[in-house]
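Down below is the structure, laid out as structure tokens.
Residue numbers start from 1 in every chain, and the chains themselves are labelled A, B, ... in the order their sequence lines are given, proteins ahead of strands. No hydrogens, no waters, no symmetry mates; every other heavy atom, side chains included, goes into these values.
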2 protein chains.
Amino acid sequence: MSRGPSARRPAPAGNHHGIPDATVARLPVYLRVLYGMADRGVTTVSSEELAAAAGVNSAKLRKDLSHLGSYGTRGVGYDVEYLVYQVSRELGLTQDWPVLIVGAGNLGRALANYGGFASRGFRIAALLDCDPGVVGTVIARHTVRSADEIEEAVRKFDVAIGVIATPAAAAQNVCNRLVAAGVRSILNFAPVVLNVPSDVDVRKVDLSIELQILAFHAQRRTAAARLFDLPPGGDLARGIAARGLPASPAAASPNGRSGRGARAAAESRAVAGSGSEDDYTTGAQAVGT
Amino acid sequence: MSRGPSARRPAPAGNHHGIPDATVARLPVYLRVLYGMADRGVTTVSSEELAAAAGVNSAKLRKDLSHLGSYGTRGVGYDVEYLVYQVSRELGLTQDWPVLIVGAGNLGRALANYGGFASRGFRIAALLDCDPGVVGTVIARHTVRSADEIEEAVRKFDVAIGVIATPAAAAQNVCNRLVAAGVRSILNFAPVVLNVPSDVDVRKVDLSIELQILAFHAQRRTAAARLFDLPPGGDLARGIAARGLPASPAAASPNGRSGRGARAAAESRAVAGSGSEDDYTTGAQAVGT
DNA sequence: ACGCCCTTGTGAACGTTTGCACAAAGTCGC
DNA sequence: GCGACTTTGTGCAAACGTTCACAAGGGCGT
């Protein structure tokens with residue numbers, strides 16, 4: 001409901017419920033680690049171990065778990081199986097969640113083939129696409145159906161969670177139809193900001209944004225390294241020469257940068273650029289079958 | 001950068017880097033919206049409009065932008081083109097970032113076909129996979145190369161950002177090799193917690209976690225909607241669970257879930273689960289052949 | 001030139017999240 | 001049965017993030 005750029009919480013439904021959002025976001029990680037431990041036969045785990053495996057601070061982990069109740073044993077730790085159950089229950093994974101996937105491009109296919117999907121309480125109810133060339137094909141044992149059937153599928157399978165894996169241009173429309181059909185939880189892979197009523201929970205997964213955040217930190221790192229006049233290894237320069245830059249006149253703007261080894265500036269694009277090619281969900285060529 | 005013990009805190013000098021993380025995470029969203037506006041010919045935008053389009057509060061937007069400098073004009077708003085340039089520059093998108101993708105399953109293919117990839121300063125340097133059946137095939141104009149060439153590719157293309165789109169089991173190994181080869185920014189799609197040195201920046205994109213967070217809120221919503229049915233769990237499960245109930249905590253909760261119509265319980269799985277099917281990055285069947 | 005109106009930029013209040021440090025509460029050896 | 005040891009659960013304070021509210025500043029009409 002909040003967390004992240006998809007946050008949208010104008011008025012009500014604040015976090016007056018028990019568990020902090022930050023904690024909820026970490027519970028699935030703990031759960032995954034716990035499953036792994038259970039698989040390896042581990043029966044008991046301390047907050048220190050579990051925290052290390054989950055990549056967090058142990059105090060944070062204990063505080064997180066304390067929101068679910070006192071399920072540990074002092075001097076010993078937590079019972080893995082018991083904790084798995086408690087976390088699963090808190091997350092609502094002890095019930096079955098039929099999920100509707102709209103968009104059967106590369107991404108939709110990747111999702112449909114995701115094994116962990118079915119294994120944790122989520123089940124693909126249906127897979128829809130609007131491309132007549134894809135409708136009717138079988139992906140991961142599901143026959144792709146027409147996107148016209150959104151409302152019907154939601155009703156028929158009692159879908160509570162919708163996944164939008166369509167191109168950006170189609171996303172809002174699909175979203176509107178999902179919401180109108182009664183879906184209140186949406187996972188959006190399309191690179192657009194969806195407009196929804198305040199009682200709808202949208203979470204966004206966006207490759208492009210993550211890359212840009214990485215780029216920011218990478219840039220800072222190299223900028224810092226440059227202060228020490230880091231010796232730019234010979235191979236860096238060679239790397240530049242080696243790759244055939246696709247046409248980058250790079251009419252250098254007011255700044256000559258030289259990041260990790262001089263990187264071709266592409267600022268003309270950055271400013272003039274426009275590009276409505278924000279679709280990584282497309283790639284709808286024929287299925288290899 | 002991996003949050004944690006990496007940063008000491010001798011001096012209470014607030015943010016030891018200029019821009020708050022929360023702001024950095026939102027800048028790409030603003031940027032996308034700005035591009036859309038520029039495409040539509042909008043030349044000037046107010047914080048109110050931009051905020052609405054980006055799905056945030058206008059005060060937050062102004063504060064975010066104020067971290068980059070004073071690029072607005074009071075009484076008027078922001079110049080779209082100028083702001084695009086400033087945000088791009090701040091994010092480091094005015095330079096070219098060669099990206100290495102490891103794993104050419106469905107997800108890797110979806111990424112490779114993502115148009116927005118190349119359009120914002122990111123360029124696919126190479127696409128690797130370890131499946132001999134995939135190596136040599138062409139995806140989005142890139143010939144898939146062997147995963148053995150990680151080190152070589154990083155060196156040759158001066159790769160700064162690595163994308164891990166492999167099955168979970170292979171992820172840590174690939175990660176180690178990327179780091180050893182000098183990559184300091186990693187985008188991980190595999191559902192595992194990667195272990196990296198503190199100077200490596202890892203970002204995770206995890207479908208399963210997002211779904212689980214959605215499920216939590218959805219459950220809460222339906223639980224609230226049925227105030228009548230049952231007392232809000234909690235001590236219920238604790239009673240039955242008591243102590244070591246290795247076998248079937250599942251048998252304990254087939255209570256009336258009447259939320260959005262009866263849903264098939266799948267609780268035995270929720271606990272017994274295990275499963276190493278945490279790979280939504282697989283699905284590496286033949287490509288177009 | 002001047003005053004009105006609009007929007008930015010920001011100080012300050014408020015809420016959330018993190019991390020420390022330690023008492024409470026349990027186990028284990030003897 | 002008891003003391004030493006281990007680990008949980010939590011009070012507290014600092015760090016971080018969000019939101020409000022408004023003064024500062026700039027354009028525009030007259």
Does dT17(C) have OP1 or OP2 under 4.0 Å away from a side-chain N or O of N57(A)? no

Please name the pair of heavy atoms, one in V33(B) and one in A53(B), separated by the smallest distance, quoted to 0.1 Å. CG1-CB, 3.4 Å

How many Å lie between NE2 on H67(A) and P on dT18(C), as a whole number? 10 Å

Between atom CG in L65(B) and atom P in dT7(C), what is the gap in whole Å? 16 Å

Categorize A22(B) for me: base, sugar-phosphate, or nothing, with a 4.0 angstrom heavy-atom threshold over every strand shown. sugar-phosphate

When the distance from CG of L68(B) to P of dG9(C) is rounded to whole Å, what number comes out? 10 Å

Show the distances under 3.5 angstrom between N or O atoms of the protein and N or O atoms of nucleotides 24-30 of chain D.
unit_1  : atom_1 : unit_2 : atom_2 : d
dA24(D) : N3     : R74(B) : NH1    : 2.5

May I have the distance from D21(A) (atom CG) to dT16(C) (atom P), rounded to whole angstrom? 9 Å

Atom pair distance, as rounded to whole Å: OH in Y71(A) and P in dG9(D): 11 Å

Would you say a side-chain N or O of Y78(B) is under 4.0 Å from OP1 or OP2 of dG9(C)? yes

How far apart are the closest heavy atoms of A54(B) and Y30(B), and which atoms are they? CB-CD2, 3.7 Å

Assess whether a salt bridge exists between R221(B) and D201(A), defined as any Lys/Arg side-chain N lying under 4.0 Å from an Asp/Glu carboxylate O. no

Between the main-chain N or O of I186(A) and the side-chain N or O of R203(A), is there a donor-acceptor pair closer than 3.5 Å? no

Per the under-4.0 Å heavy-atom filter, residues of residues 40-50 of chain B near DNA chain D come out as none

Q86(A) CD to dG9(D) P, in whole Å, measures 12 Å

Please list, for nucleotides 12-15 of chain C, all pairs of protein and nucleotide N/O atoms separated by less than 3.5 Å.
unit_1  : atom_1 : unit_2 : atom_2 : d
dA12(C) : N6     : K63(B) : NZ     : 3.0

For A190(B) against A171(B), the heavy-atom pair lying closest together: CB-CB, 3.5 Å

Indicate whether OP1 or OP2 belonging to dA24(C) is found under 4.0 Å from a side-chain N or O atom of R62(A). no

Can you tell me how far apart CZ (R26(B)) and CG (D64(B)) are? Round to the nearest 0.5 Å. 4.0 Å

Main-chain N/O of F216(A) paired with E90(B) side-chain donor or acceptor, under 3.5 Å: no

Contact summary for V24(A) and P28(A), nearest pair of heavy atoms: O-CD, 3.0 Å

Separation of dT18(D) atom P from I19(B) atom CD1, nearest Å, is 14 Å

When you measure from the side chain of Q172(A) to the backbone of N195(A), do you find a donor-acceptor pair of N or O atoms at a distance under 3.5 Å? yes

Minimal heavy-atom distance between R32(A) and P191(B), with the atoms involved, is CD-O, 3.1 Å

Exercise: identify the closest heavy-atom pair between V183(B) and A160(B): CG1-O, 3.6 Å

Are the side chain of N188(B) and the backbone of V192(B) linked by a donor-acceptor contact shorter than 3.5 Å? yes

Whole-Å distance separating the NZ atom of K60(B) from the C1' atom of dT10(C): 17 Å

